[in-house]
Amino acid sequence: MSERAAAPAGTGERSAADVAIAVEGLSKRFGANLVVDDLTMTVRRGQIYGFLGPNGSGKTTTIRMLCGLLTPDAGRGTCLGMDILTQGREIRAHVGYMTQRFSLYQDLSVKENLEFVARLYGVPKPEAAAQAALERLGLKGRGRQLAGELSGGWKQRLALGACILPGPDLLLLDEPTAGVDPQARREFWAQIHALAAEGLTVLVSTHYMDEAERCHEIAYIAYGRLLAQGTVANVIAASGLHTYTVDVKGEGPREASQRITDLSQKLSAALGVDMVAPFGTSLHISGRDAAALEAAIAPFRGEPHLVWRKDEPTLEDVFIDLMRGKDARR
Amino acid sequence: MTARTGVAGFLGRVTAMIVKEYIQLTRDRVTFATMIMIPLLQLVLFGYAINTTPRHLPTAVFSHENSDVSRAILAALRNTAFFSFVREAQSVEEAEHLVRAGEVLFFVEIPAGFERSLRRGDRPQILVAADATDPVGTGNALAALSGVVASALVRERFVGAIAEEAQGREATSQDAFEIVQHRRYNPAGTSQLNIVPGLLGTILTMTMLIFTALSVTREIERGTMESLLAMPIHPVEIMLGKIVPYVMVGILQAVLILGAGIILFAVPVEGSVAVLSAATLLFITANLSIGYTFSTLAQNQLQAVQMSFMFFLPSILLSGFMFPFSGMPQWAQWIGEGLPLTHYLRMVRGILLKGSGLSDLVRDGAALFGLMLLAMGIAVARFRQTLD
Ligand SMILES: Nc1ncnc2c1ncn2[C@@H]1O[C@H](COP(=O)(O)OP(=O)(O)OP(=O)(O)O)[C@@H](O)[C@H]1O
Ligand SMILES: [Mg+2]
């Protein structure tokens with residue numbers, strides 16, 4: 001992904017006006033459970049920043065701390081130049097937060113929900129603003145429908161619309177596309193990019209790799225710790241992972257599957273192989289040590305019907321490897 | 001985008017909340033219907049009890065003597081249609097048993113030597129024991145009793161003669177004898193006029209408490225609190241936005257109850273309607289504030305409802321609605337002073353029945369206002385602005 005033109009390239013010194021989110025040593029504990037552990041990150045203005053990590057890794061918790069809905073146990077930081085510890089109310093006036101779980105009023109109609117938001121933020125002419133938002137969202141015909149009766153995808157659209165309506169400077173989107181069909185997701189991302197082009201900063205959490213690749217920068221957290229950060233290319237390069245892909249050619253689907261399963265089992269057990277993942281009739285084999293990986297696959301190179309090639313690790317390979325590594329160290 | 005500051009911003013946000021709450025309120029048809037039905041239903045039920053002027057209430061008699069006077073009294077009682085003598089008891093014990101068993105509601109005992117004492121001017125006693133578990137039913141009859149006996153005696157020319165005979169005594173017909181009334185099981189013997197104001201207070205307490213008690217916990221349970229908290233709204237604004245729509249509901253209920261009370265049961269309004277409205281408005285807001293406070297303390301809707309009932313029960317029992325306030329032990333009176341219903345009952349009974357004006361109501365009005373502010377203060381302080 002290329003950097004936005006508006007955001008100055010280069011990661012040298014950043015003026016305060018250039019930074020949307022800057023947090024340092026953020027920690028949050030629920031009982032004995034350390035959910036966010038010493039998190040430090042910076043998001044520049046106008047950036048689309050992807051927030052990835054397995055279930056329960058602390059993404060939602062971090063986002064809540066950013067907009068003052070949770071109080072960090074340690075650490076400090078600013079959001080749009082305002083202190084997250086003391087200026088929660090001011091921050092909220094400029095931030096649109098889309099919750100992971102739909103949290104608009106199900107017993108209010110689509111339009112009533114939008115009007116409520118408009119009034120609450122002091123948008124002039126709330127009825128007109130809500131109507132305009134309806135049209136922008138393509139929800140025009142559904143204004144009178146109860147929000148609770150919308151399908152999942154339409155609920156997400158409404159929630160995003162409600163976030164954008166007051167014209168925030170920062171969007172915090174918590175899994176905005178979970179359960180949304182590919183077409184709607186594509187439209188959604190087109191909209192996010194359009195907003196970013198207007199100067200909005202977007203922090204978006206997701207479990208989808210393709211969405212991660214649509215972000216300017218990503219952060220990967222697991223067990224509350226930030227494990228990787230940067231552009232997708234940087235994160236892949238920094239992983240130090242080496243990957244081979246092997247395709248099964250010239251065999252029926254049954255035989256091919258059999259072969260893939262066999263190979264997968266053998267390779268998984270082999271030294272130097274850290275990860276094996278099947279993709280249809282091909283297999284991804286990755287390892288951190290290039291020489292060891294070569295040695296591990298050498299015995300199978302001569303087998304019939306197998307076509308080997310050196311490959312780039314995917315983001316998914318990198319994330320799963322990061323998570324495993326973290327697991328092993330725990 | 002800048003959130004509006006100052007009064008305009010404040011009003012805008014409160015309005016947003018009010019509109020939202022109002023729509024939700026009207027959309028929940030069942031709740032809305034109950035809000036109107038509860039007061040009407042209660043009134044009709046109680047009204048039936050009040051309106052049925054009790055007649056031919058079963059009564060037992062135990063007369064120790066069989067004199068002209070005793071016969072005259074019994075005949076007069078029989079003539080009033082209030083009483084119907086079902087049993088002639090042979091002993092006090094038997095009569096007591098009849099009352100306990102519920103076979104009779106009254107038991108009249110004329111003591112031995114009644115006529116003789118009457119003639120001597122000794123003010124003999126007639127005992128009337130009443131099962132006052134149904135205060136409305138027995139109240140009227142008891143009230144009528146003394147007059148009936150007196151007129152019976154006058155008619156029989158006993159009293160006039162006695163009055164002359166009793167030298168040096170300023171005897172009136174009432175003085176010549178004494179009716180000792182024992183109200184059993186309900187010492188207060190709440191009268192019908194007390195019931196409508198009392199009902200007004202208790203119904204408002206119950207409905208107002210419950211409505212706001214559910215308001216915050218409902219947002220938490222439905223997950224909408226997370227969005228709401230992420231918006232630039234202050235707890236005071238949330239509270240006002242959630243209370244105001246229900247003030248309207250409260251006013252509607254109060255008008256219904258009072259209107260029905262006036263039309264159906266001829267409850268008087270001796271005092272000023274404006275003062276009554278002000279007192280009722282204050283009372284409604286105080287209860288809504290307390291309910292809202294519960295809502296900020298409770299973890300879920302069930303807890304909020306339980307808290308409301310924990311508050312509602314003492315309100316009924318210790319406010320003077322059920323038992324006379326002054327008859328309660330000191331500690332109970334202290335608790336009672338902490339309940340809005342206590343103050344409201346005093347005010348509304350005063351206004352309706354005694355014609356009390358502002359100056360008579362200052363103390364209770366101030367107490368009510370204080371309780372309201374206290375509740376609001378706790379609610380705002382306790383309102384969780386984060387999800388921690
Ligand atoms: N209010 C809370 N009380 C106690 N534990 C909590 C609370 N909120 C979150 N947790 C715990 O904190 C951890 C991180 O939760 P969080 O919701 O931040 O994860 P996440 O990264 O958003 O996960 P997902 O991808 O499933 O949404 C989880 O183990 C969760 O159980
Ligand atoms: Mg989450």
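Sequence lines set the chain letters: A, B, ... in the order given, protein chains first and strands last, and positions in each chain run from 1. Please read all numbers here as calculations on a predicted model, not as lab measurements.
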Which one of A:Phe30, A:Phe102, A:Phe116, A:Tyr105 has the most heavy-atom pairs closer than 4.5 Å to chain B?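 The option with the most such pairs is A:Tyr105.
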Chain A-proximal positions within residues 17-29 of chain B [heavy-atom distance under 4.5 Å]: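 Within residues 17-29 of chain B, the residues under 4.5 Å from chain A are B:Met17, B:Val19, B:Lys20, B:Ile23, B:Gln24, B:Arg27.
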Would you say the side chain of A:Tyr121 lies within less than 4.5 Å of the side chain of B:Pro232, judging by non-hydrogen atoms?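 A side-chain contact exists here, since the closest heavy-atom pair is under 4.5 Å.
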Beyond-backbone contact of A:Leu70 with B:Thr386, side-chain heavy atoms, under 4.5 angstrom: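 They are not in contact (no side-chain heavy atoms under 4.5 Å apart), so the answer is no.
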Least distance between heavy atoms, [X] atom then [Y] atom:
X        : Y        : answer
B:Gly223 : A:Ser103 : O-CB, 3.0 Å
B:Glu226 : A:Thr99  : CD-CG2, 3.5 Å
A:Leu120 : B:Arg13  : O-CG, 3.3 Å

Is it the case that atom CZ in B:Arg384 sees more than 12 heavy atoms from other parts of the structure closer than 6.0 Å?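 Counting neighbours around CZ of B:Arg384, more than 12 heavy atoms of other residues, nucleotides or ligands fall under 6.0 Å, so yes.
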Measuring heavy-atom distances to chain B, does A:Leu146 have an atom under 4.5 Å in its side chain, in its backbone, in both, or in neither?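 Answer is side chain: those atoms of A:Leu146 sit under 4.5 Å from chain B.
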A:Arg89 versus chain B, the contacting section by heavy-atom distance below 4.5 Å: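 Backbone plus side chain of A:Arg89, per the 4.5 Å heavy-atom cut-off to chain B.
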If I take atom [atom1] from residue [X] and atom [atom2] from residue [Y], how far apart are they, to the nearest 0.5 angstrom?
X        : Y        : atom1 : atom2 : value
B:Gln385 : A:Thr71  : CD    : OG1   : 10.0 Å
A:Cys67  : B:Met231 : SG    : CE    : 11.5 Å
B:Leu229 : A:Arg92  : CG    : CZ    : 6.5 Å

Please determine, among B:Thr224, B:Val14, B:Leu228, B:Thr15, the option with the most heavy-atom pairs under 4.5 Å with chain A.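 Max contact count across the listed options: B:Thr224.
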Does the pair B:Asp388/A:Arg64 count as a salt bridge with the N-to-O cut at 4.0 Å?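 Looking at A:Arg64 together with B:Asp388, the answer is no, because their closest N to O distance does not fall below 4.0 Å.
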